[in-house]
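When a ligand or atom number is given, it counts from 1 through the structure's own listing order.
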Amino acid sequence: MRIEQSVEDYLEAIHIISQTESQVHQVDVARRLNVSQPAVTKAIRKLKELGYVITEGMHIYLTDAGKVRAESVYEKHKVLRRFLVTLGVGGEFAERDACMIEHIISDETYDAIKKFLNEEEKN
Ligand SMILES: [Zn+2]
């Protein structure tokens with residue numbers, strides 16, 4: 001897995017968990033991403049170096065920069081999922097594939113998809 005992709009996956013996971021839980025714990029992140037606790041510890045260290053998170057004990061918080069990056073990934077995720085569902089892709093596959101495409105899609109293609117969905121909604 002590319003470093004960038006894993007950084008974005010972790011930020012997205014922390015962001016999603018923080019929408020429903022008051023505190024984000026390492027164990028929640030490990031469960032959500034289906035990775036080991038040591039893997040989370042390592043990733044969190046990297047995210048801290050990048051200035052995207054701060055930690056207090058076992059709790060993880062996104063910094064402002066972390067929030068901006070996480071929201072942009074999650075936004076892409078939602079748009080791509082909607083696009084795939086529009087194409088007739090089943091919910092589970094749309095969810096999973098959106099989560100992979102979000103990391104590698106070019107701005108060009110992403111903008112075209114957004115435009116397509118906007119047109120679609122007008123009809
Ligand atoms: Zn995603």
Side-chain angles (χ1 to χ4, degrees):
M1 195 186 271
R2 283 161 49 236
I3 295 273
E4 282 297 289
Q5 172 169 351
S6 116
V7 162
E8 289 184 348
D9 276 334
Y10 277 97
L11 287 175
E12 186 183 35
I14 295 165
H15 177 62
I16 292 170
I17 295 165
S18 69
Q19 287 180 332
T20 52
E21 310 290 329
S22 56
Q23 306 276 13
V24 179
H25 298 90
Q26 289 211 15
V27 59
D28 303 322
V29 178
R31 202 176 301 131
R32 176 154 192 109
L33 292 174
N34 207 8
V35 294
S36 69
Q37 286 252 37
V40 176
T41 306
K42 212 172 132 199
I44 296 300
R45 201 178 304 142
K46 178 85 199 162
L47 290 176
K48 270 163 108 172
E49 275 170 31
L50 293 167
Y52 288 144
V53 301
I54 50 166
T55 54
E56 259 177 47
M58 291 307 271
H59 299 150
I60 307 160
Y61 304 94
L62 290 172
T63 61
D64 286 342
K67 257 179 226 160
V68 168
R69 182 92 188 256
E71 272 161 18
S72 110
V73 177
Y74 192 47
E75 183 62 38
K76 272 188 190 165
H77 177 109
K78 287 188 290 190
V79 167
L80 291 166
R81 184 177 55 198
R82 191 148 57 88
F83 176 60
L84 293 172
V85 168
T86 304
L87 293 181
V89 177
E92 191 190 321
F93 289 100
E95 174 70 27
R96 202 189 60 190
D97 291 352
C99 221
M100 290 191 277
I101 301 168
E102 69 198 16
H103 306 294
I104 52 168
I105 192 169
S106 65
D107 289 344
E108 294 266 294
T109 306
Y110 180 63
D111 288 344
I113 288 174
K114 270 205 300 200
K115 213 170 135 204
F116 171 82
L117 288 174
N118 283 339
E119 290 298 317
E120 191 77 357
E121 265 164 24
K122 279 183 215 152
N123 294 329

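For the pair ND1 of H77 and OE2 of E12, the angle at the Zn ion (ligand 1) is about 90°; rounding is to 10 degrees.
Heavy atoms of other residues, nucleotides or ligands lying less than 6.0 angstrom from CD of E92 number 12 at most. Annotation for K78: atom NZ counts as buried by contact number, over 12 foreign heavy atoms lying within 6.0 Å.
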Going through the distances and angles, do E8 and K76 end up as a salt bridge (charged side-chain N to carboxylate O under 4.0 Å, His left out)? CA-CA 11 Å; E8 289 184 348; K76 272 188 190 165; over 6 Å; no
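Residue side and main chain included, E102 places an N/O/S atom under 2.8 Å of the Zn ion (ligand 1). Within the 2.8 Å limit, D9 places no N, O or S atom next to the Zn ion (ligand 1).
Summarising the geometry, atom CD1 belonging to I16 is positioned 4.5 Å from atom OH belonging to Y74; distances are rounded to the nearest 0.5 Å.
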